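These numbers come from a predicted model, not from an experiment.
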Amino acid sequence: MARLFGTDGVRGLANRDVTAELALDLSVAAAHVLGQRGEFAGHRPRAVVGRDPRASGEFLSAAVAAGLASAGVDVLNVGVLPTPAIAHLTGALDVDLGVVLSASHNPMPDNGIKFLARGGHKLDDELEDAIEQRMRGEWERPVGAAVGRIRSDTGRAGEQYVEHLVSTLTHDLTGLRVAVDCANGAASEVGPAALREAGADVVVINASPDGRNINEACGSTHPEQLQAAVVASGADLGVAFDGDADRCLAVDHTGALVDGDQIMGVLALDLRERGALAHDTLVVTVMSNLGLRLAMQAAGVRTVETGVGDRYVLEAMRAHGYSLGGEQSGHVILADHATTGDGTLTALQLASRVAATGQKLSELAGVVRRLPQTLVNVPGVDKDRAGTDEHVAAAVGAAQTSLGSTGRVLLRPSGTEPLVRVMVEAATQDDADRVAGQLADVVRDRLAL
């Protein structure tokens with residue numbers, strides 16, 4: 001049977017894959033596993049539960065709260081708040097467990113369940129497996145005063161999160177006009193509030209969640225509305241969140257998109273200038289553009305590469321004490337202030353850099369010259385042989401040699417399909433297209449099923 005937990009919790013179609021029964025069972029199992037491992041020793045356990053605005057989050061969060069309370073855990077239900085806000089509150093309130101109901105950038109019919117350990121960190125694979133194995137096991141139910149209590153937050157949790165975000169700034173945003181696309185998601189209130197509290201003149205779009213319109217042709221996955229709003233309002237920059245606001249993409253004053261690689265480049269140089277970039281190192285994934293690596297190399301910043309997924313970036317950062325890492329998609333992790341990617345924090349730090357330097361975002365982001373990139377999907381192949389076939393390896397080596405130091409070749413087997421992704425970066429788009437096409441032909445011929 002397939003593993004229930006994916007790379008970012010349990011996720012699927014709400015009320016089909018992710019049901020109220022599943023939410024309740026997972027929550028009971030999580031309470032038992034953490035309790036048996038001594039996490040609750042000597043005190044009455046407490047949890048924070050929050051969600052994004054999806055309609056299904058209403059019944060799923062109720063089921064999570066019910067499951068935890070039935071297992072003797074006191075629950076603070078903070079309602080609609082970003083995933084990074086729940087992570088922050090889990091640490092700031094010194095509770096034993098955080099739970100987020102969200103499917104991030106996925107379409108509205110989906111939803112997910114994510115558990116956070118004490119301190120606001122994602123659970124490791126071992127704990128997730130233990131929770132899955134513990135589901136629906138026999139247990140002795142607490143009774144009387146031993147059952148957990150559930151209370152709803154009155155808004156203080158959101159205020160506390162905003163205060164935390166603004167406290168991280170070394171330079172306020174006075175004089176800046178910032179457009180923000182909230183994706184009709186979890187940051188619809190706290191995102192604009194934090195920017196205003198920091199001193200910005202804020203133009204807000206897509207901040208009217210109704211339970212159905214989250215991520216609908218808006219936010220970081222559809223930045224076109226933000227690009228138009230920045231130009232129309234004369235904003236200095238724009239920022240776009242996804243549904244649970246753990247990622248952020250930006251737009252400069254001309255309406256040009258600034259992706260996660262460029263944002264990381266700007267923040268890495270800012271932190272290094274202030275002596276706050278731990279080990280002068282930026283953590284990226286294999287999918288980050290070579291242009292970012294070259295820009296960092298020229299600036300004296302080392303890059304460390306991980307597999308695709310913010311959890312792998314986080315693992316490398318925690319293992320070696322790095323302070324900045326992220327993904328091209330806009331997951332940016334500022335470890336001095338957060339335990340996970342935080343879109344609003346990223347937006348504030350980026351805008352603060354613009355305000356402090358007096359430079360336009362286009363100038364700051366220009367330090368990262370993104371190399372043309374071509375991605376070709378080759379279906380119907382034996383993906384397991386992609387890394388072992390001698391002819392494919394020789395073709396990859398020859399392609400890398402021909403591109404030199406200003407090009408890069410990457411073959412990535414799909415995790416779920418008989419498919420190999422061929423990615424090529426080169427000095428020109430023609431070179432990227434040509435080499436990617438040649439390699440795709442080799443992969444197709446050698447690995448055909």
- Message: Can you confirm whether T340 sits close enough to D342 that some side-chain heavy atom of one is under 4.5 Å from a side-chain heavy atom of the other?
- Response: no
- Note on the structure: Scanning both residues in full, the closest heavy-atom pair of A207 with S188 reads CA-OG, 3.6 Å
- Query: If we ignore angles and hydrogens, is there a donor and acceptor under 3.5 Å between the side chains of N215 and H222?
  - Reply: no
- Is it true that R37 and E126 have a side-chain N and a carboxylate O under 4.0 angstrom from each other? yes
- Task: For the pair D270 and L364, evaluate side chain to side chain contact (heavy atoms under 4.5 Å, CB included) and give the outcome as yes or no after the intermediate values.
- Result: CA-CA 10 Å; D270 176 32; L364 294 170; over 6 Å; no
- Please report the shortest heavy-atom distance between G119 and T339, naming the atom on each side. O-CG2, 3.6 Å
- Query: Do any N or O atoms from the side chain of R272 and from the backbone of A299 form a donor-acceptor pair under 3.5 angstrom?
  - Reply: yes
- With a 4.5 Å limit on heavy-atom distance, are the side chains of L4 and L22 in contact? yes
- Task: Could you check V266 against L350 for side chain to side chain contact (heavy atoms under 4.5 Å, CB included), going step by step and ending with a plain yes or no?
- Result: CA-CA 7 Å; V266 173; L350 186 65; 3.8 Å; yes
- Identified salt bridge (Lys or Arg N to Asp or Glu O under 4.0 Å) partner of D310 from the options K114, K122, R247: K122
- Under 3.5 Å: donor-acceptor pair, side chain of Q262, backbone of D259: yes
- Note on the structure: When R151, R44, R149 are each screened for side chain to side chain donor-acceptor pair (under 3.5 Å) with D74, the one that passes is R44
- Item | Gap between atom CG of L249 and atom OG1 of T221 - 0.5 Å precision | 9.0 Å
- Task: Tell me yes or no: between the side chains of H279 and R302, is some donor less than 3.5 Å from an acceptor?
- Result: no
- Return yes if some donor-acceptor pair links the side-chain N/O of T19 with the main-chain N/O of N15 below 3.5 Å, else return no. no
- Task: Would you please say whether a donor-acceptor pair under 3.5 Å links the side chains of D181 and N206?
- Result: yes
- When you measure from the side chain of N213 to the backbone N and O of E216, does any donor-acceptor pair fall under 3.5 Å? no
- Task: Check whether any side-chain heavy atom of L411 sits under 4.5 Å from a side-chain heavy atom of V396, and report yes or no.
- Result: yes
- E315 and T306: side chain to side chain donor-acceptor pair (under 3.5 Å), yes or no, with the steps? CA-CA 9 Å; E315 285 174 4; T306 76; over 6 Å; no
- Task: Applying side chain to side chain contact (heavy atoms under 4.5 Å, CB included), run through I205 and V180 and close with a yes or a no.
- Result: CA-CA 6 Å; I205 62 173; V180 54; over 6 Å; no
- Task: Return yes if some donor-acceptor pair links the side-chain N/O of R54 with the main-chain N/O of D110 below 3.5 Å, else return no.
- Result: yes
- Y312, OH: over 12 other non-hydrogen atoms inside 6.0 angstrom: no
- Query: Can you list the steps and then say if S56 with N111 is a side chain to side chain donor-acceptor pair (under 3.5 Å)?
  - Reply: CA-CA 7 Å; S56 58; N111 215 324; 2.8 Å; yes
- Query: Can R3 and E132 be said to form a side chain to side chain contact (heavy atoms under 4.5 Å, CB included), step by step?
  - Reply: CA-CA 8 Å; R3 187 173 185 265; E132 186 172 345; 3.9 Å; yes
- Query: Do the non-hydrogen side-chain atoms of F115 and V100 ever get within less than 4.5 Å of each other?
  - Reply: no
- Task: State, yes or no, whether a side-chain contact exists between K383 and L419 at a heavy-atom distance under 4.5 Å.
- Result: no
- Can you find a heavy atom in the side chain of L34 that is under 4.5 Å from one in the side chain of D96? no
- Message: If the test is side-chain contact (heavy atoms from CB on, under 4.5 Å), which one of D242, D52, D8, L60 qualifies with S102?
- Response: D52
- Message: I need the R353 CZ to Q349 CD distance, nearest 0.5 Å.
- Response: 11.0 Å
Donor-acceptor list for residues 24-32 side chains, cut-off 3.5 Å, not counting sequence neighbours:
unit_1	atom_1	unit_2	atom_2	d
D25	OD2	R136	NE	3.1
D25	OD2	R136	NH2	3.2
S27	OG	A23	O	2.8

- Smallest separation among heavy atoms of A92 and Q160, with atom names: CB-NE2, 3.8 Å
- Query: Taking N184 for the side chain and S208 for the main chain, is one N or O donor matched with an acceptor at less than 3.5 Å?
  - Reply: yes
- Less than 4.5 Å apart, any side-chain heavy atom of L292 and any of M264? yes
- Considering only heavy atoms from C-beta outward, does the side chain of W139 approach that of R134 to under 4.5 Å? yes
- Query: How far apart are the closest heavy atoms of L348 and L173, and which atoms are they?
  - Reply: CD2-CD1, 4.0 Å
- Message: For D17, is there an ion pair with R11 - N to carboxylate O distance below 4.0 angstrom?
- Response: no
- Going by distance alone, is a donor N or O of one side chain under 3.5 Å from an acceptor N or O of the other, for E327 and S288? no
- Query: Just checking, is any N or O donor in the side chain of S104 or N106 under 3.5 Å from an acceptor N or O on the other one?
  - Reply: no
- Task: Measure the NE2-CG distance between H337 and L345 for me, rounded to the nearest 0.5 Å.
- Result: 6.5 Å
- Note on the structure: Between G265 and V368, the two heavy atoms sitting closest are CA-CG2, 4.1 Å
- Has the side chain of R293 got a donor or acceptor atom that lies under 3.5 Å from a matching backbone atom of V284? no
- Backbone of H164 reached by a side-chain donor or acceptor of S167 within 3.5 Å: yes
Sequence neighbours excluded and cut-off under 3.5 Å, please list the side-chain donor-acceptor pairs for residues 82-90, or say none.
unit_1	atom_1	unit_2	atom_2	d
T83	OG1	D244	OD2	2.7
T90	OG1	I86	O	2.7

- Note on the structure: Taken to the nearest 0.5 Å, the spacing of L290 CG from Q297 CD works out to 9.0 Å
- Message: Is it true that, when you exclude R16 itself, more than 12 heavy atoms of the residues, nucleotides or ligands shown sit nearer than 6.0 Å to its CZ?
- Response: no
- Atom CG in D389, atom CG in D384: separation rounded to 0.5 Å? 12.5 Å
- Note on the structure: Heavy-atom closest pair (E425 atom, M423 atom, distance to 0.1 Å) is CG-SD, 3.6 Å
- Message: Could you check whether any side-chain N or O of S323 sits under 3.5 Å from a backbone N or O of A276, counting only pairs where one atom can act as donor and the other as acceptor?
- Response: yes
- Item | Rounded distance [0.5 Å steps], OG1 in T285 versus CD in Q328 | 7.5 Å
- With salt bridge (Lys or Arg N to Asp or Glu O under 4.0 Å) as the test, would you mind laying out the steps for D201 and R196 before giving the verdict? CA-CA 6 Å; D201 173 18; R196 290 193 180 103; over 6 Å; no
